[in-house]
Structure formats: structure tokens, C-alpha cells
Amino acid sequence: MDKFLIKGGTPLAGTIQVSGAKNSALPCMAAAILTEDEVILENIPQVRDIDTERKLLASMGADVELLDGSDHCTRIRCATLSDPVAKYEIVKTMRASSLVLGPLIARTGMARVAMPGGCAIGGRPIDLHIKGLEEMGATIVQEHGYLEARVDRLRGAHLVFDKITVTGTEDLLMAAVLADGETLMENCAREPEVTDLAALLTAMGARIEGAGTTTIRVKGVGRLHGARYRINPDRIEAGTFLIAGAITGGDLTVAGCNPAHLGALIGKLEEAGVRVDLIGPGALRVRPGGQLRGADISTEEYPGFPTDMQAQYMALATQAEGVSLVTENIFENRFMHVQELVRMGANIKVDGRTATVHGPTRLSAASVMCSDLRASASLVLAALVADGQSVLDRVYHMDRGYERIEEKLRGVGAQIERVSKLPAPEAQPAVAD
Ligand code: UD1
């Protein structure tokens, strides 16, 4: 099992490049199910969740090919879908697999998708996906851990989400584009990843209005055709790099990002005393603006502060003067990183949905355990500023969503190595000094 060895204390400097958004790529790949033509997606990040989705589509009979010898461009052709089943073995490793439910039933009239289980950060039900499809005429039964959905043809409906859900909005949007008649979706997620998906679907011939707002109107069409589409930059990876620059007191340019998607985070960084400048199209420069000071965050749906940046922000808060209150409103159990940060010397108390961080604290290197994707990112950030060499175990969580993170960080001066098996203490590789 791979581990990271990270020696803290080097301010990051230079330019770091952002990859394509994993959370856009996943629904966009699922959208290829909606047509028998070829869909070519550029700027697909090379991360484990994407490999999983490729396997999932291939297991259903899709042709999935990487172009130009690079994982960044993928061609998907779902000419026939011989086996419209999302098997448990695949779904259990990636909850976003439920994104194939809507497109499968819209295209083939049937779908068999394993129910995702719980996960480290909370229950993550998909009841709203199911409710919406039922309102569009599907019959769904749950048996042997699988959802079995059937319909002759989906029909347009008036769908009102009880709660804002990102993949739920995406799943039902993909169902609605091939439904008979008009679908009105209310209380939709406004995340940029929903807008990315809608742009691809529109390029495929779908008729969608209002993506990126709370109300989306879809006029169903008889068929969709192929398209070529470039995935937008990953705003969470970009945000993680901004914090990497800030926490190390470095001078870092985050290139190839979309600053318009980072408003809530940039606002908080500035409030915390970090200087963030737009220095060109898609390039943000982060550098110290004085002593870091505590600033409270409260996670919300987009355009609010993203839950996927909460753990990384908490690492930064440990270095800020005063108290920072970190409130998690989206998931019930998303403080798994707290105990590991405390083991590194952080002063954090959790009470219900709110963590109180007292800073600044000197962090000292430790052996810590990654528990989920973003928690891993927060531990990498803490280790970058900790005194000594930290060992991060279970970095496979990190590999789900960050492309070559250690190479990218090393390129801007971080002392980070991936090791497959930790050698005996006396023979431990020195992290480049
Ligand atoms: C997506 C992102 C994830 C991010 C999250 C919130 C992808 C692949 N993942 O996850 O990185 O952290 O949005 O921004 O895009 N809920 C229900 N019933 C449902 C669906 C959701 O109760 O049917 C609840 C969830 O338990 C959670 C909240 O709604 O409390 C938001 O979840 P949701 O937006 O669906 O998260 P995901 O789409 O799974």
C-alpha cells in the first residue's frame, strides 16, 4: 500500500498546473450512455475514480479508449449496451457510479444498479434520484442490494428536490434529456459540474435551459448524437493548491484554473490574511499578506464554501492567529481528519457540526492515516508545514481524486515522496533536501 513521506517547512514557489475536474468528468462519461455515437472527452484527469468509471462503462459493453497515448482524452462509444448493470464490485469503490442510473434507463428502458453503501463521510443516500425517476414513470424495485429500474419511455415531469443534491441533479438531468415532453427541475444544484454536464448534453443535441441556476427546464428529444467536449478545470484541486501556497507561506501560481469558480474560497483566504491575485486568464498567485488570522467557514452548496474544501481549510486554520469556527452543513460525519490533525499538534475541538480551531499551533510530523479523499488532502497540507517528516498511510484515498499530486507538489519545491513499502528506519529514503 503506497504511503507519502513528507518533510515540512519549505515555502512552495513557482507554478502548479490544475487538471480537469473529476466531478465533471464522471457525469460527462456517464452521459456517453445516452447515445450510440462516439463521445470524446478532453482534459479527463488521470485519477482512480476515472479508471473505475472506465471499467464500469466497459463492463456494460461500451468501447472505451484513451486517445493520443494519453489518459487526458477519452473516446467512449456505447453502440450497444449488452449488460446495463452497475455491479456492486465496482459501485462499492465509487459512489458516483449511481450516476449511470438515469442515463441507462433513459437509453435502454432498464437499469440494474448496485445500491451504494455508507461511506466514511456519511450515509449518502440516493433516495432523491429514485424519487425523481419514479415521477418520470419508472418502476424501481430494490432487491438483493440492487435497484432494478424499468420503463417503456420516461416522461417529462415537474421535479422538486427536497434537498439540493449534485449527482441527483445530474442523474435526473440525464434522464430528462431523452424523456417524452418537458421536465421542470426545481431546487437544483448550481455547481459548475452541473453546468459542465449540461454543456456536453447540449453539444449532443439536448435542449436544456437554466443549468447553473436552481431551476432547469428540459425539452426531451428523440435521440442524442456524439460530441467532443473539454472538461473544465478542477476547482477543488485548484483550491487545495491555493491553500498549499498559503499554509507554507510561499509564492505560488495556480495555473489553468477557473477563478470564477473559486469565489467563496478566495474571499475566505483574503479574510484570513492571504494575498490572492489574478495574474492572467486562469492563473491565480497566492502569497502571504501578513500574519494569518482566524476566519470562520460554514459549508454550503455552490456558490457557498464547498464541503470538499473544508478539511483543507481546517489545516490552514491551525496556522492562523485566533479562533476559526469550521461548520460542516452538507455531510454529517466529515471531520475524520480532525483526530489526525490533533495528533500532529493541532488544537481542535468538535461539537456536533462545528469544529473550533485555536491557532496558531506548531505542527509536528507524525504517522497519520488518510480516511477519505479530502481528509487526505488536509493531511498533506498539514505535513507540508509540520516540523520533521510525516508518513501518510492509505494514500489510495488521495489517488481517487488528485492526479500525480506528489509530482506536482515536488515541482514547486515540496519535499514529498511516494513509497510503496516503508523501508527499515535506518534505510528510509531521505526526502530530497
Ligand atoms: C457530490 C460530489 C462530492 C461533494 C458533494 C457535495 C461528485 C461525484 N461528488 O457528491 O464531491 O462533496 O457533491 O458538494 O460530484 N442526499 C440525500 N438524498 C439523495 C442525495 C443526496 O439525502 O438522494 C444528501 C446527502 O446525504 C448529502 C447532501 O444531500 O447530505 C448532498 O449530497 P450530494 O450533493 O448528493 O452529494 P454527491 O452528489 O454524492
Side-chain angles (χ1 to χ4, degrees), residues 20-31 44-45 47-50 52-53 56 91 93-102 113 115-135 140 142 147 159-175 185 187-198 214 231-232 234-237 239-240 261 264-265 297-313 327-337 353 372-378 397-398 400-402:
K22 166 183 89 72
N23 285 354
S24 287
L26 292 171
C28 287
M29 290 171 77
I44 296 269
V47 297
R48 202 159 55 90
D49 275 5
I50 297 294
T52 306
E53 177 123 353
L56 177 64
V91 173
T93 65
M94 188 185 65
R95 312 181 47 75
S97 305
S98 50
L99 276 169
V100 300
L101 182 61
V113 175
M115 290 286 291
C119 86
I121 64 174
R124 311 213 49 190
I126 57 165
D127 55 309
L128 301 174
H129 303 226
I130 297 169
K131 180 168 170 260
L133 289 171
E134 284 175 342
E135 283 170 9
I140 302 183
Q142 193 184 327
L147 290 174
L159 309 176
V160 183
F161 289 99
D162 295 342
K163 190 169 184 180
I164 297 176
T165 157
V166 179
T167 49
T169 301
E170 293 164 347
D171 207 12
L172 296 181
L173 178 60
M174 289 188 276
M185 298 166 62
N187 202 25
C188 296
R190 289 181 286 168
E191 267 67 1
E193 294 75 26
V194 174
T195 316
D196 229 359
L197 170 67
T214 54
I231 303 291
N232 268 300
D234 194 311
R235 65 193 167 101
I236 305 301
E237 187 196 23
T240 304
H261 294 164
L265 174 65
I297 61 158
S298 184
T299 63
E300 284 165 30
E301 293 87 2
Y302 189 83
F305 193 96
T307 173
D308 284 353
M309 283 305 304
Q310 177 259 105
Q312 300 90 315
Y313 183 85
T327 304
E328 173 57 53
N329 294 308
I330 308 293
F331 292 109
E332 72 253 32
N333 187 25
R334 206 168 197 183
F335 283 141
M336 305 278 281
H337 43 287
R353 289 188 170 278
D372 66 67
L373 173 57
R374 307 305 172 185
S376 326
S378 104
H397 286 293
M398 191 87 189
R400 279 190 43 221
Y402 288 89

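Each ligand, and each atom within it, is numbered from 1 in the order the structure gives.
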K.L.:
Tell me which part of R334 gets within contact of ligand 1: side chain, backbone, both or neither, using heavy atoms under 4.0 Å.
P.N.:
side chain
K.L.:
Using a 4.5 Å cut-off on heavy atoms from C-beta on, say whether the side chain of E301 contacts that of E191.
P.N.:
yes
K.L.:
Is the shortest distance from a heavy atom of K163 to ligand 1 less than 4.0 Å?
P.N.:
yes
K.L.:
To check you understand the geometry: which heavy-atom pair defines the closest contact between D196 and S24, and what is its length?
P.N.:
OD2-OG, 2.8 Å
K.L.:
Between T165 and ligand 1, find which residue part has any heavy-atom pair under 4.0 Å and reply side chain, backbone, both or neither.
P.N.:
both
K.L.:
Looking at H129, which atoms of ligand 1 are within less than 4.0 Å of one of its heavy atoms?
P.N.:
23 (O)
K.L.:
I'd like to check whether D308 has a polar contact with ligand 1, where a contact means an N/O of the residue lying under 3.5 Å from an N/O of the ligand.
P.N.:
yes
K.L.:
Could you list which atoms of ligand 1 come closer than 4.0 Å to a heavy atom of I126?
P.N.:
19 (C), 23 (O)
K.L.:
Report yes if some N/O of D127 lies less than 3.5 Å from some N/O of ligand 1; otherwise report no.
P.N.:
yes
K.L.:
With no hydrogens and no angle check, is any side-chain donor or acceptor of N329 less than 3.5 Å from a backbone partner on E300?
P.N.:
no
K.L.:
With a cut-off of 4.0 Å, which atoms of ligand 1 are near a heavy atom of T167?
P.N.:
7 (C), 8 (C), 15 (O), 35 (O), 37 (P), 38 (O), 39 (O)
K.L.:
So which bit of I236 gets within less than 4.0 Å of ligand 1, heavy atoms only: side chain, backbone, both or neither?
P.N.:
neither
K.L.:
Quick check for you: to the nearest 0.5 Å, what is the distance between T169 atom OG1 and R190 atom CZ?
P.N.:
11.0 Å
K.L.:
For Y313, enumerate each residue passing the ring pair (Phe, Tyr, Trp, His ring centres under 6.0 Å) test, keeping only those at least two apart in sequence or located in another chain.
P.N.:
F305
K.L.:
Kindly determine whether R334 and D308 satisfy salt bridge (Lys or Arg N to Asp or Glu O under 4.0 Å), including the steps that lead there.
P.N.:
CA-CA 10 Å; R334 206 168 197 183; D308 284 353; 2.8 Å; yes
K.L.:
Any salt bridge between E193 and R235, counting N to O under 4.0 Å?
P.N.:
yes
K.L.:
Output a table of donor-acceptor pairs, distance under 3.5 Å, between side-chain atoms of residues 160-168 and any protein atom two or more places apart or on a different chain; print 'none' if there are none.
P.N.:
residue	atom	partner	partner atom	Å
T165	OG1	G168	N	2.9

K.L.:
In ligand 1, which numbered atoms sit nearer than 4.0 Å to a non-hydrogen atom of T307?
P.N.:
6 (C), 12 (O), 14 (O)
K.L.:
With atom 22 (O) of ligand 1 as the reference point, say which of P125, A189, G168 has the nearest heavy atom.
P.N.:
P125
K.L.:
Mind checking whether V166 has an N or O less than 3.5 Å away from an N or O of ligand 1?
P.N.:
yes
K.L.:
Can you list the atoms of ligand 1 that are under 4.0 Å from a heavy atom of I330?
P.N.:
27 (C), 30 (O), 31 (C)
K.L.:
Under the 3.5 angstrom rule, does the side chain of R374 hit a backbone N or O of A311 as a donor-acceptor pair?
P.N.:
no
